[in-house]
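Below: one structure, written as structure tokens.
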Amino acid sequence: MLKERVDELESAIQEIEGRTLMHDVFIAHLLGHIGAASGDMEGFINSVLPEVGRDLQQNAAQASDDDAKVRCAYALEAFENFAASMRRSLKSAHKKGMN
């Protein structure tokens, strides 16, 4: 019984991680395309990322219970990784836009 439950939880975690990765890639492409359309992809991305970071930090500061604080900590860590990946991608993006 316990092994079955562990297997179910591991499967759920893998599914959530897969969805998160898909969302990261989707958001990165959206930001890239919008930035390319604006004419200044790097400037656009570099203005959006700090705003998102500030919003996450505000939410973390206003978290009312321990579960919310843990979720905010994970969200901030995930965002930090996403932002770093996005900035690395910008450095290697084609001069004419995204692929």
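Being a predicted model, the structure only gives us computed values, none of them experimental.
For residues 57-83, no residue pair satisfies the side-chain hydrogen bond (donor to acceptor under 3.5 Å, both in side chains) rule, not counting sequence neighbours.
In the hydrophobic clustering of this structure, Leu56 does not group with Val70; members are Ile, Leu, Val, Met, Phe, Trp, Tyr whose side-chain heavy atoms approach within less than 4.5 Å, directly or through other members. Neither Val25 nor Val48 shares a network with the other; the hydrophobic side chains, linked directly or stepwise wherever heavy atoms of I, L, V, M, F, W or Y lie under 4.5 Å apart, form separate groups for each.
Between Ser38 and Phe44, the shortest heavy-atom distance links the atoms OG-CB, 3.9 Å.
To the nearest 0.5 angstrom, Ile27 atom CD1 is 8.5 Å from Met22 atom CE. Atom CD in Glu10 sits 14.0 Å away from atom CD in Glu15 (nearest 0.5 Å).
With contacts defined as side-chain heavy-atom distances shorter than 4.5 Å, the pair Phe82/Leu31 qualifies. No side-chain heavy atom of Arg87 sits less than 4.5 Å from a side-chain heavy atom of Ile45.
For Glu8, the CD atom counts as densely surrounded, since its 6.0 Å shell holds more than 12 non-hydrogen atoms of other residues, nucleotides or ligands.
In this structure, Thr20 contributes its side chain and Ile16 its backbone to a donor-acceptor pair below 3.5 Å. His23 places a side-chain N or O within 3.5 Å of a backbone atom of Arg19 that can act as its donor or acceptor partner.
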